[in-house]
Amino acid sequence: MSNAMLEVRHLRLVRAIAEEGGATRAASRLHLTQSAVSHQLAELEGRLGVALFTRVRRQLVLTAAGERLVEAARTMLGDLARLERELHRAGTRKREVLRLVVECFTSYHWLPPIVARIADEHPHVEVRIVTEATREPVAALLRGQIELALVSSPVRDRELVSTPLFEDEWTVIMAPSHRLASRPHVTAKELGAETLFAHDAPRSDVERLRELIAAERATMPRVVLVPLTDALVELVAAGLGVAIVSRWAIAPWERRGEIVTRRFTREGLAERWSAVYRRDAEPRLPLARLTELLADATFAAPSRRKVSGGRR
DNA sequence: ACAACGCGCATACATCACTC
DNA sequence: GAGTGATGTATGCGCGTTGT
């Protein structure tokens, strides 16, 4: 079958006989019978045309050729074992997966470059975005469905650790030609006369807004729910209404001048984004590095700044 | 279907330790 | 020194697996 004279099994055989001091013990080490070992050895010596052992008394004693072969067998088998471990390690490490979710309905325009960087710097980690968990990132974390969540709402849970990423702003967006675009900020009263597009999400932006407007004793605008950020922004850009969203989520449209952002109320609505993971299952990926990349990616956009400090 | 292969079983043969 | 049992290697033969 094999036209090679010397095979790996022969290396193991000769080494085992030499180290065990006989064919019988070598056989038990190799999980063979003495007969099989003897056959194999005879066959090998026949193929090579040289005696590897001399049969002196009831013993198998290495010849010079045998010594040479055992020495080579040790280094080769050692190399093989090392290679196997290395390949196995590489094979299993490849399967390290970091499942990630972001608590907003953005088009994730900022994420691909970061994922590419991580893949480049940490080839053993595969970052996977789990969009299904967007609506309930904390629940998904606690259920072990994801390893990392990027959230803007505060997280208070004993089992979770939250690392601040950057400050953002909950901001009113509108078409550049919109009548409110000339104002430095938008008041609750002014908003009441508008059509407001909002995400169709359980973490209800609408509820938060309702509270804010009630506090100002203003009327609630007409709300139209939209499932996707892209659609929502396009509706706003077309001048059909306004929306209140996390500013970094709509950065590309703002940069292209398709929409403008205005502060809601004189003080504005600050929002802090954090990376959250389970206390008992910190992602194997260097989280600090991911945080750094995220902060850098968002830092480039206006009115956003890194949050200094570590975990809370 | 056939051939090659690797193995195990049974056994032959060799040597050693021990006893008488 | 002969006899005996334990221990070790060598080999003929047949079987199951595998590749063609």
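Protein chains get the first letters and strands the later ones, always in sequence-line order, with residue 1 at the start of each.
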**OP:** Report yes or no: does A/Arg272 contribute a side-chain atom to a donor-acceptor pair with the main-chain N or O of A/Ala270 at less than 3.5 Å?
**Re:** no

**OP:** Give the nucleotide from the list C/dT9, B/dG6, B/dT15 with an atom nearest to the side chain of A/Ala23.
**Re:** C/dT9

Subject >> Nucleic acid contacts - residues 14-22 of chain A versus DNA chain C, non-hydrogen atoms under 4.0 Å >> reply: A/Gly22

Original post:
CG of A/Leu62 versus C1' of C/dT9: gap in Å, rounded?
Top reply: 16 Å

Original post:
Taking only residues two or more places apart in sequence or in another chain, which ones pass side chain to side chain contact (heavy atoms under 4.5 Å, CB included) with A/Arg74?
Top reply: A/Arg15, A/Glu19, A/Val70

Original post:
Whole Å only: how far is the CG atom of A/Leu60 from the C1' atom of B/dC13?
Top reply: 15 Å

Original post:
Are A/Val61 and A/Leu69 co-members of a hydrophobic cluster defined by side-chain heavy atoms under 4.5 Å apart?
Top reply: no

Original post:
Residues two or more places apart in sequence or in another chain: which of them pass side chain to side chain contact (heavy atoms under 4.5 Å, CB included) with A/Ser28?
Top reply: none

Original post:
Checking all strands, does A/Glu43 fall into the base, sugar-phosphate, or nothing category for heavy-atom contacts under 4.0 angstrom?
Top reply: sugar-phosphate

Original post:
In residues 24-38 of chain A, what residues come within less than 4.0 Å of DNA chain C, judged by heavy atoms?
Top reply: A/Thr24, A/Gln34, A/Ser35, A/Ser38

Subject >> Within residues 260-270 of chain A or reaching into it, pairs that qualify as salt bridge (Lys or Arg N to Asp or Glu O under 4.0 Å) - sequence neighbours excluded >> reply: A/Glu169-A/Arg263

**OP:** Give a yes or no on this: more than 12 heavy atoms of other residues, nucleotides or ligands lie within 6.0 Å of atom CZ of A/Arg57.
**Re:** no

Original post:
Between A/His39 and A/Arg58, who's closer to the 5' end of DNA chain B by nearest nucleotide?
Top reply: A/His39

**OP:** Tell me, please, which residues at least two apart from A/Ala16 pass side chain to side chain contact (heavy atoms under 4.5 Å, CB included).
**Re:** A/Ala26, A/Arg29, A/Leu30

Original post:
Salt bridge check: are A/Arg247 and A/Glu271 linked by an N-O gap of less than 4.0 Å?
Top reply: no

**OP:** Measure from CG on A/Leu41 to C1' on B/dG6 and round the result to the nearest Å.
**Re:** 15 Å

Original post:
Any sub-3.5 Å donor-acceptor pair from A/Arg278's side-chain atoms to A/Glu147's backbone N or O?
Top reply: no

Original post:
Rounded to the Å, how far apart are A/His10 NE2 and B/dG6 P?
Top reply: 7 Å

Subject >> Under 4.0 angstrom between A/Arg57 side-chain N/O and B/dC16 OP1 or OP2 >> reply: yes

Original post:
What is the distance from CG of A/Leu44 to P of B/dG6, rounded to the nearest Å?
Top reply: 11 Å

